[in-house]
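Note that this is a predicted model, so its numbers are computed, not measured.
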Amino acid sequence: MALQGPEELGEQVEEPEDLDDQDASSISPAEEITLPSGPGGDEEPEEALLLPWDRFSAWLHCICVVGFDLELGQAVEVIYPHHSKLSEKEKTSICYLSFPDSNSGEFLSLLLSDVSEHRGDLMICLQREQGHYYGYVYFRQVRDKSLKRGYFQKSLVLISKLPYVTFFHSLLKIMAPEYFEKQEPCLEAACNDIDRWPTPHPGRILTLPIMGVVIKVRIPTCYDKPGTSQLVQSAQSDSQVSIVLPTIHEVDLFRCFYPVFFHIQMLWELVLLGEALVVMAPSPAESSDTVLALVSCISPLRYCSDFRPYFTIHDSEFKEYTTRTQAPPSVILGVTNPFFAKTLQHWPHIIRIGDMKQAGEMAKQMKVKKLKNLKTLDSKPGVYTAYKPYLNKDEEIIKQLQKGVQQKRPSAAQNAILRRYFLELTQSFIIPLERYVASLMPLQKSISPWKNPPQLRPFIQQDFMKTLEKAGPQLTSRLKGDWIGLYRRRTEQLPCVGTVAQTEAHIEPSSWPYQRPAGYPPQPSPLTFNPSLQP
């Protein structure tokens with residue numbers, strides 16, 4: 001894996017609105033509020049042993065300012081704290097990814113680097129990516145006649161190990177306007193605020209002061225019920241809280257899929273199968289949000305292939321991805337440069353989206369388009385592919401979303417409906433696989449501290465396929481279609497399904513490719529699940 005990129009935040013001519021005029025002196029130091037009970041709510045004694053900048057490092061690696069010079073091009077002007085280390089390759093990546101290909105606003109990028117991984121009670125989608133940093137970018141472009149280029153152009157970049165998209169998006173809205181007005185001393189003050197924050201442990205309600213504003217968040221755990229906000233009222237007064245974030249990481253699924261929501265079920269299949277996908281969007285914000293939405297649509301499964309929410313022609317793997325001498329790799333790319341309309345035309349699945357407008361004009365791209373029709377830069381929005389879905393189209397969810405658009409249902413409600421739909425689809429796919437893996441587990445009576453560890457029986461694909469005839473997804477999903485064909489394609493295309501089931505059963509459950517959310521059907525016990533009953 002190399003670079004990736006999700007969502008952006010920025011401005012051009014208009015100044016962003018201030019979020020709060022509250023005086024910084026009225027803000028108490030960062031405080032940590034634990035939940036009364038439940039997993040992930042215990043105090044950590046080592047919290048008091050943290051050294052200076054340890055708390056800052058738990059949230060951010062560093063903050064960068066990237067400026068544009070007419071002669072030199074993009075360059076990293078400031079890195080704060082000053083002791084933070086970035087390789088030359090990382091600095092180059094930051095420079096190219098922090099400036100959009102077009103005059104647009106918002107984007108987030110992921111930068112290649114080695115990072116450690118923390119699991120614990122975290123949801124699988126919130127665990128740190130091995131080998132990557134996330135970069136959250138606020139790009140400002142303002143007309144300035146005193147400059148040769150005629151524009152002031154700079155980006156404020158937050159580099160972090162954490163995939164907290166919504167949280168860092170909100171943080172940038174607070175920090176960037178202050179920075180562009182007060183310059184570097186403002187960054188020093190912000191970093192000092194962050195260094196007083198509690199560490200980001202899952203399951204705790206946190207109040208985080210930053211530059212006179214207080215953000216209240218809760219990092220979800222793997223035990224949380226999907227589709228619900230666990231940000232409960234704390235025992236202390238919230239009178240000083242300026243911003244309450246119901247989620248720290250989720251993008252608006254319906255807003256992202258609205259231009260192509262007639263094809264959401266097919267897109268779920270393509271992501272599940274690890275197919276090579278390209279998202280062509282008018283701006284980095286729309287590109288990165290859509291890629292993140294695709295990756296999250298198979299939750300609680302973790303998307304284990306590569307994804308680049310914002311991919312540019314300067315990427316080190318540009319030649320590999322654009323060559324026609326070999327098949328495209330298993331990766332989801334988000335692009336904005338019109339040049340990619342030609343260089344990536346040979347990719348098997350292309351999603352072209354227009355401007356993301358909230359429910360106004362009904363999406364009209366009901367038919368899947370042929371790849372040969374994607375020849376010009378003004379090609380219409382839609383999905384260009386020759387892929388034939390294995391499952392029958394679910395007309396009910398389409399009608400439900402259409403009705404919501406007509407009745408002007410709130411975006412949050414539309415988003416919840418769509419996220420629940422994807423969750424049920426994925427769980428229906430997981431349950432038969434999980435039941436079969438459970439049948440391979442040794443019986444409890446064979447486990448003893450005085451005996452050698454019992455062996456896991458081998459995963460046999462043919463045997464698993466036979467179990468689907470009577471105990472497949474048809475027991476939990478109303479969708480008809482070739483479920484067996486979908487499983488077969490998944491195991492043929494990515495054999496790690498069988499391999500993961502066979503090898504990762506020896507590992508702690510928290511390191512599995514997905515984690516069971518609250519309310520999920522319990523895992524069958526080896527003592528009660530009799531494999532001889534399977535066909």
Is the distance between the ring centroids of [X] and [Y] less than 6.0 Å?
{"X": "F167", "Y": "W59", "result": "yes"}
{"X": "H61", "Y": "Y133", "result": "yes"}
{"X": "F464", "Y": "Y487", "result": "yes"}
{"X": "F257", "Y": "F422", "result": "yes"}

Spacing of [atom1] belonging to [X] relative to [atom2] belonging to [Y], to within rounding of 0.5 Å:
{"X": "I430", "Y": "R435", "atom1": "CD1", "atom2": "CZ", "answer": "14.5 Å"}
{"X": "M266", "Y": "D394", "atom1": "CE", "atom2": "CG", "answer": "14.5 Å"}
{"X": "S411", "Y": "F254", "atom1": "OG", "atom2": "CZ", "answer": "7.0 Å"}
{"X": "L292", "Y": "T290", "atom1": "CG", "atom2": "OG1", "answer": "9.0 Å"}
{"X": "E90", "Y": "C95", "atom1": "CD", "atom2": "SG", "answer": "12.0 Å"}

**Asked** Can V291 and L277 be said to form a side chain to side chain contact (heavy atoms under 4.5 Å, CB included), step by step?
**Response** CA-CA 9 Å; V291 171; L277 275 165; over 6 Å; no
State, without any angle test, whether [X] and [Y] hold a side-chain donor-acceptor pair at a distance under 3.5 Å.
{"X": "R352", "Y": "Y384", "answer": "no"}
{"X": "E269", "Y": "Y387", "answer": "yes"}
{"X": "T476", "Y": "S428", "answer": "yes"}
{"X": "S477", "Y": "W483", "answer": "no"}

**Item:** Pair F340-F311, side chain to side chain contact (heavy atoms under 4.5 Å, CB included): steps then yes or no
**Value:** CA-CA 10 Å; F340 285 112; F311 185 77; 3.8 Å; yes
**Prompt:** Counting only N and O atoms by type, is there a donor-acceptor contact under 3.5 Å from the side chain of Y436 to the main-chain atoms of I460?
**Reply:** yes
**Request:** Count the heavy atoms belonging to other residues, nucleotides or ligands that lie under 6.0 Å from CD of E396, then report whether that count exceeds 12.
**Result:** no
**Item:** Any residue meeting side-chain contact (heavy atoms from CB on, under 4.5 Å) with N392, in chain and number order, not counting sequence neighbours
**Value:** K480
